[in-house]
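Worth knowing before you read on, the calculation uses all heavy atoms, side chains too, and leaves out hydrogens, waters and symmetry mates.
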Amino acid sequence: MDKKFKIEFTEANVQDSVAYILVTEFDLRPNVLKAEIEGDGSGVMIVGLVGEEEKLDAAVKRLEEEGFTVKELVKRIDRNEDLCFHCGACVSICPTGVFSHNKDTW
């Protein structure tokens, strides 16, 4: 099973290794897609996780017990082609930077 999560942390748990917990305790394969730490030590990570569903559920509970806020990212992005006029605004706000534009044709 492959799922994506948004994990928020505070200065109190920023030093805890989320990846270490996920790998050693739950045998999951994490892929950190984006991570940001603010000046106060708080921050957010977008993580893709591969593993058995029961282990994913148990890992979420474990992280929440450690004070992390965990939210599964289940909604896929749908673009309405009738309304989109390719302005590029979505490129600048994408947290993972997956969008790009051709500078010669844009």
Side-chain angles (χ1 to χ4, degrees):
M1 172 138 279
D2 185 5
K3 293 185 176 184
K4 290 184 182 140
F5 295 90
K6 176 182 176 183
I7 302 173
E8 296 180 50
F9 48 91
T10 65
E11 64 180 85
N13 59 10
V14 69
Q15 295 298 321
D16 295 339
S17 177
V18 171
Y20 181 80
I21 292 170
L22 296 172
V23 171
T24 61
E25 294 183 27
F26 300 99
D27 195 31
L28 299 175
R29 292 188 324 250
N31 180 15
V32 178
L33 302 170
K34 183 168 181 109
E36 292 180 357
I37 300 175
E38 301 297 329
D40 65 357
S42 65
V44 64
M45 288 192 313
I46 306 297
V47 181
L49 292 176
V50 177
E52 298 172 17
E53 187 166 9
E54 298 81 23
K55 291 182 178 183
L56 287 168
D57 294 340
V60 168
K61 288 179 185 175
R62 169 77 163 82
L63 292 176
E64 289 173 339
E65 289 170 358
E66 291 295 319
F68 295 95
T69 302
V70 183
K71 180 179 178 185
E72 183 178 355
L73 303 176
V74 293
K75 176 82 172 136
R76 301 287 188 226
I77 296 173
D78 297 317
R79 182 174 67 190
N80 184 330
E81 289 294 334
D82 294 331
L83 297 175
C84 179
F85 55 94
H86 305 282
C87 67
C90 55
V91 173
S92 65
I93 62 169
C94 179
T96 61
V98 299
F99 296 107
S100 64
H101 66 278
N102 183 326
K103 293 178 183 178
D104 296 329
T105 61
W106 190 77

**Request:** Please list, chain by chain and in numerical order, all residues satisfying side-chain hydrogen bond (donor to acceptor under 3.5 Å, both in side chains) with E54, sequence neighbours excluded.
**Result:** none
Indicate every side-chain donor-acceptor pair of residues 57-74 with a distance under 3.5 Å to a residue at least two apart or in another chain.
{"from": "R62", "atom 1": "NE", "to": "E25", "atom 2": "OE1", "distance (Å)": "2.8"}
{"from": "R62", "atom 1": "NH1", "to": "E66", "atom 2": "OE2", "distance (Å)": "2.7"}
{"from": "R62", "atom 1": "NH2", "to": "E25", "atom 2": "OE2", "distance (Å)": "2.8"}

**Prompt:** Quick one: side-chain contact (heavy atoms from CB on, under 4.5 Å) partners of V23, sequence neighbours excluded?
**Reply:** P30
**Item:** Distance, nearest 0.5 Å, that separates CG of N31 from CG of L22
**Value:** 12.0 Å
**Prompt:** Excluding sequence neighbours, so at least two apart, what forms side-chain contact (heavy atoms from CB on, under 4.5 Å) with E81?
**Reply:** R79, H86
**Request:** Compare every heavy atom of N13 with every heavy atom of F9, then report the nearest pair and how far apart it is.
**Result:** CB-OD1, 3.1 Å
Quick one: side chains of residues 32-49, donor-acceptor pairs under 3.5 Å with protein atoms, not counting sequence neighbours, listed by atom name and distance.
{"from": "K34", "atom 1": "NZ", "to": "E36", "atom 2": "OE2", "distance (Å)": "3.3"}
{"from": "K34", "atom 1": "NZ", "to": "P95", "atom 2": "O", "distance (Å)": "2.7"}
{"from": "D40", "atom 1": "OD1", "to": "S42", "atom 2": "N", "distance (Å)": "2.9"}
{"from": "D40", "atom 1": "OD1", "to": "S42", "atom 2": "OG", "distance (Å)": "2.6"}
{"from": "D40", "atom 1": "OD2", "to": "S42", "atom 2": "OG", "distance (Å)": "3.4"}

**Request:** With sequence neighbours excluded, tell me which residues meet salt bridge (charged side-chain N to carboxylate O under 4.0 Å, His left out) with E8.
**Result:** K6
**Single-linkage hydrophobic cluster, 4.5 Å side-chain cutoff, L28 and M1 together** = yes
